[in-house]
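In what follows, a structure is listed as structure tokens, so that the remarks can point back to it.
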Amino acid sequence: MATDIGGATSLEAGAELERTLDRLEARMEALQFSLRACRTSPRFELWWHDLRETRETWFRLVDPDGQDPIPEGS
């Protein structure tokens, strides 16, 4: 029975991680769109900073021991 509880907890944690990654991915896409569409906006630097932090979080969750495979500025 303990295995079922642990398995269910593991499945829930995995599902929550997937939802978090999906939200971060959607945020990155929205920020990238904003950066491309509104380069002259006073918010450009803020969006760029937010995009970098969001990417770092996404990669840290995907592979905690890995490194960002996409060089900055891509």
Side-chain angles (χ1 to χ4, degrees):
M1 187 88 171
T3 316
D4 291 337
I5 293 172
T9 302
S10 177
L11 284 174
E12 289 172 15
E16 181 60 32
L17 176 61
E18 284 297 317
R19 286 190 295 271
T20 300
L21 292 173
D22 288 345
R23 284 192 301 270
L24 288 170
E25 215 169 331
R27 182 172 183 79
M28 285 189 291
E29 289 175 10
L31 286 164
Q32 288 169 341
F33 175 79
S34 295
L35 287 168
R36 284 191 302 269
C38 306
R39 289 192 182 274
T40 59
S41 172
R43 296 183 182 146
F44 183 85
E45 289 300 319
L46 179 62
W47 290 333
W48 181 247
H49 178 75
D50 197 13
L51 176 61
R52 287 178 34 204
E53 285 189 342
T54 303
R55 285 185 60 204
E56 289 171 8
T57 302
W58 189 89
F59 282 109
R60 197 170 35 251
L61 289 172
V62 169
D63 186 9
D65 299 325
Q67 293 185 0
D68 184 346
I70 302 171
E72 179 121 355
S74 295

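Reckoned from all heavy atoms, side chains included, excluding hydrogens, waters and symmetry mates. Positions are given from 1, in the same order as the sequence printed here.
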Cluster check L24, F33: I/L/V/M/F/W/Y, side chain < 4.5 angstrom
no
Could you tell me whether F44 atom CZ has more than 12 heavy atoms of other residues or ligands within 6.0 Å of it?
yes
Will you find, in the side chains of E45 and H49, an N or O donor that is under 3.5 Å from an N or O acceptor?
no
Enter the distance from E53:CD to L31:CG here, rounded to the nearest 0.5 Å.
10.5 Å
Return the CZ to CG distance between F59 and L21, rounded to the nearest 0.5 Å.
10.5 Å
Can you check side chain to side chain contact (heavy atoms under 4.5 Å, CB included) on S41 and W47, steps first, answer last?
CA-CA 10 Å; S41 172; W47 290 333; 3.7 Å; yes
Got a sec: does the CZ of R23 have more than 12 other heavy atoms crowding it under 6.0 Å?
yes
For residues L46 and L35: do they belong to one hydrophobic cluster (side chain heavy atoms under 4.5 Å, members Ile, Leu, Val, Met, Phe, Trp, Tyr)?
no
With a 4.5 Å cut-off on side-chain heavy-atom distances among I, L, V, M, F, W and Y, is there a chain of contacts connecting M28 to L61?
yes
After noting the C-alpha distance and the side-chain angles of R27 and D50, does the key distance pass the side chain to side chain contact (heavy atoms under 4.5 Å, CB included) rule?
CA-CA 9 Å; R27 182 172 183 79; D50 197 13; 2.3 Å; yes
As an exercise, state the distance from OG1 of T54 to CZ of R52, rounded to the nearest 0.5 Å.
11.5 Å
